[in-house]
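Structure first, then comments.
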Amino acid sequence: MRHRTELPQTIDVDVTTHDEFPGAAEYARSKIGELGRYTSRPVLQAHVKLTRHRDPAVQRPVVAQANLDVDGRLVRAQVQAETAREAVDLLATRLRRRLERAAENWEARRGELPSASSHEWRHDSEPTHRPNYFPRPADERRVIRRKSFTMAPCTLDEAAGEMDLLDYDFHLFTEQGTGTAAVLYRTGTTGHRLALVAPALADELSPYALPVDISRHPVPCLTEEEAANRLSLLGQPFLFFIDAAQGRAGVLYHRYDGHYGLITPAG
């Protein structure tokens, strides 16, 4: 009896363009649509956005962003390139690697021992084409994106895996052992650094394998305006702080368009 070979799924991709990109939408639908072969889980939704910087001084003006809903799990990627076609190619490569790693992580959670490659996110060697934020003058910057979400407790290793799938340079989460807000980010000699809203609890972290530096510096308590001023002065990509008005931790960060975004825990 002949068994029918199951064909890989073709992803239906919704593309949004914020400029004139002749043929780019069709190319993105085709290129990203082929990625279904790299996951056994259904891709419920896929959205790609192409945007162009207007400043001629920006060397890689095209920003490509993708969000895939893979069986209820968000997989995200963002790149910057000189042309729309190059941006789509880079985006497809980054998404492919994330889908492959997500498959490995899902297998590990089913009880199998993770392979060595499942920890590639610890020493990610893929080329960096992350968007640089637009050098907007400080007095023109505004908080134009606010995101609030429930932070389920997780370990450092789980936070690092989530950060990789979401293609973030930092990740705000609730550390499982301490039960407090924390930010994991890419930097330092090990490649990762952890900041806790209560640094005195650093010895109570849940067991982890991730090589990481742990900050012992206190988190500043600031108003939103003060946080924006400090972020501008420091020249860093983000600022972890305690909102003086709300009494809760948050992260203020530079968006690629030069404005600010703010992430806070729900509730």
Side-chain angles (χ1 to χ4, degrees), residues 46-49 51 63-70 72-80 87 90-102 104-105 118-134 143-176 181-188 190-197 208 210-215 219 227 231 234 236-241 249-266:
H47 181 250
V48 171
K49 182 169 70 171
T51 308
V63 178
Q65 301 166 301
N67 290 282
L68 306 185
D69 180 346
V70 185
R73 185 81 178 272
L74 179 62
V75 176
R76 181 182 178 275
Q78 182 169 288
V79 299
Q80 190 168 346
L90 292 172
L91 191 66
T93 299
R94 191 176 285 270
L95 281 172
R96 172 181 172 176
R97 293 181 180 183
R98 273 153 181 73
L99 288 171
E100 290 173 338
R101 292 174 194 172
E104 291 170 347
N105 290 337
S118 68
H119 295 293
E120 287 178 347
W121 46 261
R122 295 183 183 178
H123 304 286
D124 196 348
S125 59
E126 65 180 285
T128 298
H129 296 278
R130 300 179 184 280
N132 300 316
Y133 60 84
F134 180 74
V143 178
I144 65 171
R145 179 72 184 275
R146 299 174 185 272
K147 293 188 288 187
S148 183
F149 62 96
T150 301
M151 303 192 307
C154 65
T155 66
L156 277 179
D157 293 335
E158 291 169 338
E162 190 75 10
M163 184 170 68
D164 184 63
L165 286 181
L166 297 175
D167 199 23
Y168 290 160
D169 289 321
F170 66 87
H171 185 41
L172 176 65
F173 69 105
T174 298
E175 198 284 318
Q176 185 170 281
V183 168
L184 183 68
Y185 56 102
R186 306 179 195 275
T187 190
T190 65
H192 292 87
R193 189 170 177 82
L194 177 72
L196 290 164
V197 74
Y208 60 91
L210 180 75
V212 62
D213 292 327
I214 300 177
S215 173
V219 177
L231 183 59
L234 293 176
Q236 299 296 322
F238 71 91
L239 178 69
F240 182 37
F241 73 106
V251 177
L252 186 71
Y253 65 95
H254 284 284
R255 288 168 44 88
Y256 72 90
D257 58 8
H259 286 295
Y260 296 130
L262 180 63
I263 301 175
T264 57

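Below, each value reflects all heavy atoms present in this structure, side chains not excepted, and no hydrogens, waters or symmetry copies.
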Item to complete: Among Phe173, Phe240, Phe238, Phe170, find the one that has a ring pair (Phe, Tyr, Trp, His ring centres under 6.0 Å) with Tyr185.
Response: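 Exactly one candidate clears the test, Phe238.
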Practice prompt. Decide side-chain contact (heavy atoms from CB on, under 4.5 Å) for Asp257 and Ile144; before the verdict, give the C-alpha distance in whole Å, the side-chain angles of both, and the deciding distance to 0.1 Å.
Written response: CA-CA 10 Å; Asp257 58 8; Ile144 65 171; 3.4 Å; yes
So, [X] side chain and [Y] main chain: donor-acceptor pair closer than 3.5 Å or not?
X	Y	value
Arg98	Asp164	yes
Thr155	Tyr208	no
Asp157	Leu210	yes

Practice prompt. Dump the intermediate steps for side-chain contact (heavy atoms from CB on, under 4.5 Å) on Lys49 and Gln78, then the final yes or no.
Written response: CA-CA 9 Å; Lys49 182 169 70 171; Gln78 182 169 288; over 6 Å; no
Worksheet item: Is the Tyr260-His254 ring centre distance short of 6.0 angstrom?
Response: yes
Worksheet entry | Full working for side-chain contact (heavy atoms from CB on, under 4.5 Å) between Tyr256 and Gln65 | CA-CA 11 Å; Tyr256 72 90; Gln65 301 166 301; 3.6 Å; yes
Discussion item. Assess the residue pair His171 and Ile263 against the criterion (side-chain contact (heavy atoms from CB on, under 4.5 Å)); give the C-alpha distance rounded to whole Å, side-chain angles, the decisive distance to 0.1 Å, and a yes or no.
Written reply: CA-CA 10 Å; His171 185 41; Ile263 301 175; over 6 Å; no
If you round to the nearest 0.5 Å, how far is [atom2] of [Y] from [atom1] of [X]?
X	Y	atom1	atom2	result
Met151	Glu175	CE	CD	11.0 Å
Leu184	Leu196	CG	CG	10.0 Å
Leu252	Thr264	CG	OG1	11.0 Å
Leu165	Leu95	CG	CG	10.5 Å
Asp167	Arg76	CG	CZ	6.0 Å
Arg186	Met163	CZ	CE	4.0 Å

Discussion item. So, applying side-chain contact (heavy atoms from CB on, under 4.5 Å) with Leu239, which one of Leu231, Val219, Val183 is it?
Written reply: Leu231
Worksheet item: In chain order, what residues pass the salt bridge (charged side-chain N to carboxylate O under 4.0 Å, His left out) check against Arg146, with sequence neighbours excluded?
Response: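 Expected list: Glu224.
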